[in-house]
Amino acid sequence: MTTYWKPELIRLSLFAMVFAGIASIWHQFTVGLAVGLFIYIIWSIYQLNKIHGWLVNLTDDEPPEAPGLWGEIFDNIYHLQRRNKEEKSRLKATVDYLQDSFSSLADAVVMVDKRGNIVWSNKSAEHLLGLNYPQDMKQYLPNLIREPKFTDYFHAEVFDQYLEIISPANDYVTLQVHITFFGKRNKLLFARDVTNMIQLERMRQDFVANVSHELRTPLTVIRGYLETFQDFQVSEDDHFSSALKQMLGQTHRMDTLVKDLIMLSRLETVPKSQQPEKINIGDLAANICNELIASGIEQRTLNNYCPQDVFLLGDLDEIRSAFTNLLTNAVRYTDSDGTIEVSWKSDENGGFFKVTDNGVGISAEHIPRVTERFYRVDKSRSVKTGGTGLGLAIVKHILIRHNASLKIESELNHGSTFTCCFSASDVISNSK
Ligand code: ADP
């Protein structure tokens with residue numbers, strides 16, 4: 001690095017020495033030295049004033065000329081300023097580019113600072129959320145989107161789920177809103193128009209519900225006639241008799257399928273009961289086990305270890321259906337000499353209803369998918385054993401309605417354990 005202070009020191013010494021030299025003719029060495037230094041200071045102030053004037057005007061002009069260290073300082077400030085300007089325009093170009101791409105999105109995007117005030121919003125935020133940029137800049141977002149559900153969501157600051165709200169700008173539009181944090185607790189809000197999706201979903205639900213209901217009556221009539229025909233059949237070996245038996249079997253299958261479909265669409269459309277019943281787990285498990293044994297479980301062993309003194313808050317019919325499905329599956333997918341165990345455990349983490357079997361088991365890759373509608377690991381086996389492929393989907397829906405979840409542990413050829421995990425607040429034990 002070049003050192004500029006040396007020439008500057010020489011300049012200062014020259015100033016001082018020249019004046020001190022001249023003044024020493026009159027024996028005034030000190031006065032001359034002081035005058036020399038004073039003139040040097042005046043000159044330095046003049047240079048400072050020049051740079052100040054240039055900085056204040058902030059033009060793109062070259063910096064003023066100055067000798068030595070001062071000239072170097074001027075040049076350095078000039079280069080620094082140019083570099084800053086270039087950096088600023090590069091940053092601005094990047095921000096403009098990002099804002100342009102956000103602006104072209106069909107979804108609304110709103111940037112909010114850590115105090116909840118709007119920093120920026122895109123074009124779609126106008127017609128989806130009724131926000132205007134830049135007029136609404138620095139406005140507190142919940143003051144502009146006044147929907148109580150949104151205000152709660154915004155203030156709770158738990159954004160792991162989407163929120164569905166009616167658009168503040170259009171009552172016919174439903175929005176799916178999601179917020180994420182960025183930077184230092186700033187928020188980025190995305191809002192998507194999901195009106196069509198919701199309409200389609202509603203149409204699908206209505207269609208399934210209507211078809212299932214419409215199928216029930218003709219099925220009942222067909223079944224009635226088939227049973228009457230069967231009652232009049234004389235010989236078991238008769239060709240017609242075997243066809244009749246098959247028809248009855250298939251009608252029964254369709255009947256079960258329709259019942260499951262109706263149950264599923266009821267779970268999707270009917271709001272959950274606000275007044276939960278106190279369900280006696282011991283009684284319920286015993287009833288289901290007795291029904292299963294009565295319907296025939298061959299040589300299988302069915303052990304019920306559910307205690308009598310525990311109660312669950314929920315919808316009795318739904319819980320019965322969920323537990324029955326799990327137990328029916330355990331029988332269905334366990335060899336005729338297998339063992340099935342039903343148990344209940346409750347602790348501070350919640351209540352756990354467990355159905356364990358030592359049957360065929362499920363290999364790991366199928367486990368995440370078995371609660372999907374009509375998903376079967378082994379289609380031929382399910383059909384043979386009378387499964388509809390809807391049982392676990394029903395269980396999952398019922399548990400979701402009870403703020404509970406289904407845990408599946410299984411090993412191929414060794415058996416499975418299905419656990420319904422209920423929250424502790426829904427469990428009442430007599431010891432409480
Ligand atoms: P399905 O009516 O076919 O039994 P489910 O929805 O009840 O339909 O179950 C989905 C699939 O999960 C079944 O087809 C079966 O392959 C598997 N499954 C369910 N329960 C068990 C179990 N206890 N043991 C082994 N596999 C099971």
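Computed from a predicted model, the values in this text were never measured in an experiment. Both counts, for ligands and for their atoms, begin at 1 and track the order of listing.
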- Message: If you count heavy atoms of other groups shown closer than 6.0 angstrom to CE of Met254, is the number above 12?
- Response: no
- Message: I need the contact type for Leu392 against ligand 1. Using non-hydrogen atoms and a strict under-4.0 Å cut-off, is it side chain, backbone, both or neither?
- Response: both
- Numbered atoms and elements of ligand 1 in range of Val370, under 4.0 angstrom, heavy atoms: 10 (C), 12 (O)
- Message: Minimum distance, heavy atoms only, to atom 8 (O) of ligand 1: which one of Gly359, Gly389, Gly387 is it?
- Response: Gly389
- Aromatic ring proximity His178/Tyr162, centre distance under 6.0 Å: yes
- Numbered atoms and elements of ligand 1 in range of Ile362, under 4.0 angstrom, heavy atoms: 18 (N), 25 (C), 26 (N), 27 (C)
- Query: Side chain or backbone of Leu326 under 4.0 Å from ligand 1, or both, or neither, by non-hydrogen atoms?
  - Reply: neither
- Near Phe418 (heavy-atom distance under 4.0 Å), the atoms of ligand 1 are 20 (N), 21 (C), 22 (C), 23 (N)
- Item | Per-atom contacts of ligand 1 with Asp357, taking only distances under 4.0 Å to non-hydrogen atoms | 22 (C), 23 (N)
- Which residue pairs pass the salt bridge (Lys or Arg N to Asp or Glu O under 4.0 Å) test with at least one member in residues 102-118, sequence neighbours excluded? Asp107-Arg192, Asp113-Arg115
- Item | Proximal atoms of ligand 1 relative to Arg332 (non-hydrogen, under 4.0 Å) | 1 (P), 2 (O), 4 (O)
- Report, in ascending order of atom number, the atoms of ligand 1 lying under 4.0 Å from any heavy atom of Val377. 14 (O), 16 (O)
- Counting each atom of ligand 1 from 1 as listed, which ones have a heavy atom of Arg376 under 4.0 Å away? 3 (O), 14 (O)
- Query: Given that the side chain starts at C-beta and the backbone is N, CA, C, O, which of these parts of Val355 lies under 4.0 Å from ligand 1, counting heavy atoms, or is it both or neither?
  - Reply: neither
